Amino acid sequence: MTVRVWTFAVVVAAALAITGCGSESGDTKTPTATAGSSGAQVEIGNTINYGSFGTTADIDCADGKSLNIGGSNNTLTVKGTCANVNIGGADNKVSFERIDKEISVVGLNNTVTYSDGDPKINDTGSNNKISKG
């Protein structure tokens with residue numbers, strides 16, 4: 001099984017396990033899933049689940065969706081306003097426009113920055129850097 005297919009399967013499983021994780025968006029579209037060279041993304045309800053290894057990608061939280069990120073060695077730019085954010089994995093660099101409620105990082109050596117918002121920060125990983133700036 002290729003890494004891309006495996007990643008997609010993991011993201012789908014995670015999406016089903018944590019559907020609706022505190023999003024604030026009014027979007028109620030049917031679930032969507034995409035897999036490509038920039039990772040696998042599954043959107044269920046108002047929660048985006050993204051997983052990849054070693055990619056650079058843009059993700060759009062729109063206006064209040066929640067975002068779950070898994071994988072390692074990614075460079076991600078997240079546009080829009082995220083309600084809640086969960087990051088697992090290692091060595092990711094993630095920048096956000098805005099996080100409203102909460103950010104949880106459960107991984108190693110992740111660098112997370114956000115430009116706007118005043119989220120509650122939960123860092124239960126190791127050697128993570130989370131900052132506003």
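Since the model is a prediction, treat every value here as computed from it, not as a measurement.
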For the residue pair [X] and [Y], what are the closest heavy atoms and their distance?
X: Gly71; Y: Phe53; result: CA-CE2, 3.9 Å
X: Cys61; Y: Val78; result: SG-CG1, 4.1 Å
X: Gly39; Y: Ser52; result: CA-OG, 3.4 Å

Once rounded to the nearest 0.5 Å, what's the spacing between atom [atom1] of [X] and atom [atom2] of [Y]?
X: Glu102; Y: Cys82; atom1: CD; atom2: SG; answer: 13.0 Å
X: Glu97; Y: Thr77; atom1: CD; atom2: OG1; answer: 9.5 Å
X: Asp58; Y: Leu76; atom1: CG; atom2: CG; answer: 8.5 Å
X: Asn74; Y: Thr56; atom1: CG; atom2: OG1; answer: 8.0 Å
X: Gln41; Y: Ile69; atom1: CD; atom2: CD1; answer: 10.0 Å
X: Thr47; Y: Leu67; atom1: OG1; atom2: CG; answer: 9.0 Å

Next item on the list: Could you walk me through whether Val106 and Asn86 pass the side-chain contact (heavy atoms from CB on, under 4.5 Å) test, one step at a time?
Entry: CA-CA 8 Å; Val106 186; Asn86 297 296; over 6 Å; no
Notebook entry, point to check: Side chain of Lys132, backbone of Gly117: donor and acceptor closer than 3.5 Å?
Noted result: yes
Note to self: Can you tell me which residue among Asn92, Asn110, Asn109, Thr111 is in a side chain to side chain donor-acceptor pair (under 3.5 Å) with Asn128?
What the structure shows: Asn110
[X] side chain near [Y] side chain, heavy-atom distance below 4.5 Å:
X: Tyr114; Y: Pro119; result: yes
X: Val112; Y: Phe96; result: yes
X: Leu108; Y: Asp91; result: no

Note to self: Is there a path of hydrophobic side-chain contacts, each under 4.5 Å between heavy atoms, that joins Ile99 and Ile121?
What the structure shows: yes
Margin query: If you apply the rule side-chain contact (heavy atoms from CB on, under 4.5 Å), what do you find for Tyr50 with Thr55, and how did you get there?
Written below: CA-CA 11 Å; Tyr50 178 86; Thr55 62; 3.2 Å; yes
